[in-house]
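The structure appears right after this line, and notes come after that.
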Amino acid sequence: MAKRSLAAFACLLSLGFGALFGAGEYLSSPARRQIGAAPPDFPASSVTIPSAAGPVRGWMVRGMPGAGTVLLLHGVRGNRLQMLDRARFLSRLGYGVLLIDQQAHGESAGERISFGVREAEGVRAALGYLRREQPGERIGVIGMSLGAAALVLSKPGRAIDALVIEAMYPTIEEAIENRLRLYMGGAGGALAPLLLWQVPLRLDLTLEQLRPIDAVGALACPTLVVGGEFDRHTSEAETRRIYAAVPGPKQLWIVPGAAHTDFHGLAKYEYEARIGQFMAQHLRGINPLKK
């Protein structure tokens with residue numbers, strides 16, 4: 001009986017290790033998808049931008065001269081379609097908009113998802129493209145989850161004029177532990193090291209490189225930090241820590257009732273009002289408090 005129990009335990013342990021190894025493979029594997037041309041109601045041009053990590057593909061729509069332009073960066077395992085509704089509302093307000101597929105997502109090049117480190121190369125290339133194609137226009141960025149991490153880890157300095165960070169993880173350790181706890185309960189936290197040890201092996205990166213919270217102090221533009229009240233992937237407390245680390249001027253919006261979700265889709269009218277005012281103030285110099 002004891003031998004059978006031991007064998008059963010060993011079998012379960014082996015299955016557990018196998019599941020975690022498979023999870024590590026899934027999390028870093030490419031999320032490719034053919035996107036094609038922009039939809040008819042969003043008259044954008046397809047663009048290909050060279051980068052150190054390979055070609056970055058996306059859509060670009062021009063806005064009113066002098067209105068400013070906004071770069072949109074989607075979340076993990078998504079693509080530019082995830083940001084299309086944001087692009088539509090910004091375009092209606094007259095902004096130029098660039099949506100890209102990040103490294104190893106959609107139609108962009110890349111062998112592995114790297115949680116923001118190598119995706120940062122595509123962000124730098126996209127910002128360079130905007131400076132060439134839209135000279136003199138002020139640049140805003142909206143980054144969602146992975147997109148926010150990629151922007152922060154790109155260390156843009158004064159290359160951008162306004163930034164919206166949405167549901168960004170502070171450290172890879174917390175990101176993985178939160179997800180394991182969410183799907184496996186209390187035991188998930190104890191299993192986090194089994195996923196974390198795979199990061200250097202799969203990505204040739206150190207855990208120290210995957211700490212966006214350490215890079216936000218170098219931001220040099222007005223920043224709006226957004227998080228969900230009930231987000232269990234990036235908790236409200238973690239979002240507040242990120243906000244505390246961001247230099248001013250800055251704003252914080254904790255979206256009531258929100259989990260790790262599309263904040264625009266959940267709270268469309270308030271989202272558009274807040275982000276619209278933020279971009280108008282910092283890309284066009286329009287202060288909503290002044291009449």
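The first residue of the sequence shown is numbered 1, and numbering continues consecutively from there. Quick caveat, the model's predicted, so the values are computed rather than measured. The figures here come from the full heavy-atom set of this structure, side chains too, leaving out hydrogens, waters and symmetry mates.
The cluster map of Ile, Leu, Val, Met, Phe, Trp and Tyr, joined by side-chain heavy atoms under 4.5 Å apart, puts L73 and V76 in different clusters. When hydrophobic clusters are built by joining Ile, Leu, Val, Met, Phe, Trp and Tyr residues whose side-chain heavy atoms come closer than 4.5 Å, directly or via intermediates, V56 is grouped together with L98. L224 and I242 are not part of a single hydrophobic cluster, where members link through side-chain heavy atoms under 4.5 Å apart. A continuous path of ILVMFWY side-chain contacts below 4.5 Å connects Y95 to L72, so both sit in one hydrophobic cluster. There is no path of hydrophobic side-chain contacts, each under 4.5 Å, that joins V141 to L84.
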Check step by step if side-chain contact (heavy atoms from CB on, under 4.5 Å) holds for Q281 and I286. CA-CA 4 Å; Q281 181 177 357; I286 300 173; 5.8 Å; no
Would T239 and V255 count as a side-chain contact (heavy atoms from CB on, under 4.5 Å) here? Give the steps. CA-CA 11 Å; T239 295; V255 183; over 6 Å; no
Show the numbers, then the answer: is there a side-chain contact (heavy atoms from CB on, under 4.5 Å) between R211 and I172? CA-CA 6 Å; R211 296 179 58 88; I172 193 66; 5.9 Å; no
Stepwise, does the side chain to side chain donor-acceptor pair (under 3.5 Å) test hold for T171 with E174? CA-CA 5 Å; T171 71; E174 289 165 294; 2.8 Å; yes
With side-chain contact (heavy atoms from CB on, under 4.5 Å) as the test, would you mind laying out the steps for Q251 and T223 before giving the verdict? CA-CA 6 Å; Q251 301 175 33; T223 303; over 6 Å; no
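For the pair N178 and E238, the minimum side-chain heavy-atom distance is below 4.5 Å. Side-chain contact between F42 and L99: present, with at least one pair of heavy atoms (C-beta onward) separated by less than 4.5 Å. The shortest distance between side-chain heavy atoms of E236 and E229 falls below 4.5 Å. Between I142 and L163, the closest side-chain pair of non-hydrogen atoms is not below 4.5 Å. Considering only heavy atoms from C-beta on, R77 stays 4.5 Å or farther from L146 through its side chain. Contact of the P222 side chain with the F278 side chain is registered, since non-hydrogen atoms from C-beta on lie closer than 4.5 Å. Residues Y169 and L210 meet the side-chain proximity criterion, which asks for heavy atoms closer than 4.5 Å. The side-chain heavy atoms of S235 and R241, taken from C-beta on, include no pair separated by under 4.5 Å.
Using modelled atom types, no side-chain atom of E166 and backbone atom of V226 make a donor-acceptor pair closer than 3.5 Å. Side-chain N or O atoms of Q103 include one that pairs as donor or acceptor with a backbone N or O of R112 at under 3.5 Å. Judged purely by atom type and a 3.5 angstrom limit, K250 uses its side chain to pair as donor or acceptor with the backbone of Y243. The closest donor-acceptor contact from the side chain of D101 to the backbone of R80 lies under 3.5 Å. In this structure, the side chain of Q82 engages the main chain of G75 through a donor-acceptor pair within 3.5 Å. Formation of a donor-acceptor pair under 3.5 Å by the H105 side chain with backbone atoms of N79 is not found in this model. Side chain of S51 to backbone of A53: a donor-acceptor contact under 3.5 angstrom is found. Between the side chain of E107 and the main chain of G36, a donor-acceptor pair closer than 3.5 Å is present. Between the side chain of S154 and the backbone N or O of L151 there is at least one donor-acceptor pair closer than 3.5 Å. Proximity of a side-chain donor or acceptor of D161 to a complementary backbone N or O of G140 within less than 3.5 Å is not detected.
The shortest non-hydrogen separation linking G217 to P247 is O-CG, 3.7 Å. S108 approaches R32 most closely through the heavy-atom pair O-NH1, 3.2 Å. Across every non-hydrogen atom of A104 and I113, the tightest pair is CB-N, 4.0 Å. For the pair I100 and G122, the tightest heavy-atom approach, listed with the atom from each and the gap, is CD1-O, 4.2 Å. Counting all heavy atoms, side chain and backbone alike, A125 lies closest to I49 at O-CG2, 3.6 Å. Of all non-hydrogen atoms in P212 and A149, the two that sit nearest each other are CG-CB, 3.9 Å.
Using a 4.0 Å cut-off between charged side-chain N and carboxylate O, D262 and R86 make a salt bridge.
In this structure, CD1 in I139 is found 11.5 Å from CE in M279, a value given to the nearest 0.5 Å. Separating the CD atom in E272 from the CZ atom in F89 is a distance of 5.0 Å, to the nearest 0.5 Å. Separating the CG atom in L207 from the CZ atom in F115 is a distance of 11.0 Å, to the nearest 0.5 Å. Between the CG atom in L93 and the CG atom in L283 there is a gap of 11.0 Å [rounded to 0.5 Å]. With values rounded to the nearest 0.5 angstrom, S28 atom OG is found 8.0 Å from Q198 atom CD. Rounded to the nearest 0.5 Å, atoms CZ (R284) and CD (E137) are 9.5 Å apart.
Legend: residues meeting side-chain contact (heavy atoms from CB on, under 4.5 Å) with T206, ordered by chain and number and at least two apart, are E208, Q209. Applying the side-chain hydrogen bond (donor to acceptor under 3.5 Å, both in side chains) test to E121 and every residue at least two apart in sequence or in another chain returns R124. Annotation: side-chain hydrogen bond (donor to acceptor under 3.5 Å, both in side chains) contacts of R179 (sequence neighbours excluded): none. A search for side-chain hydrogen bond (donor to acceptor under 3.5 Å, both in side chains) contacts involving E119 returns S114, not counting sequence neighbours. Remark: D231 engages A167, H233, T234, H260 in a side-chain contact (heavy atoms from CB on, under 4.5 Å) (not counting sequence neighbours).
Annotation: side-chain hydrogen bond (donor to acceptor under 3.5 Å, both in side chains) contacts involving residues 56-69, sequence neighbours excluded, comprise T48-R57, R62-E133.
Counting heavy atoms of neighbouring residues, nucleotides and ligands inside a 6.0 Å radius, atom CZ of R33 does not exceed 12 of them. The number of heavy-atom neighbours closer than 6.0 Å to CD of E111, taken from other residues, nucleotides and ligands shown, is 12 or below.
A tilted orientation is assigned to the rings of Y271 and W253, their planes being inclined by 30° to 60°.
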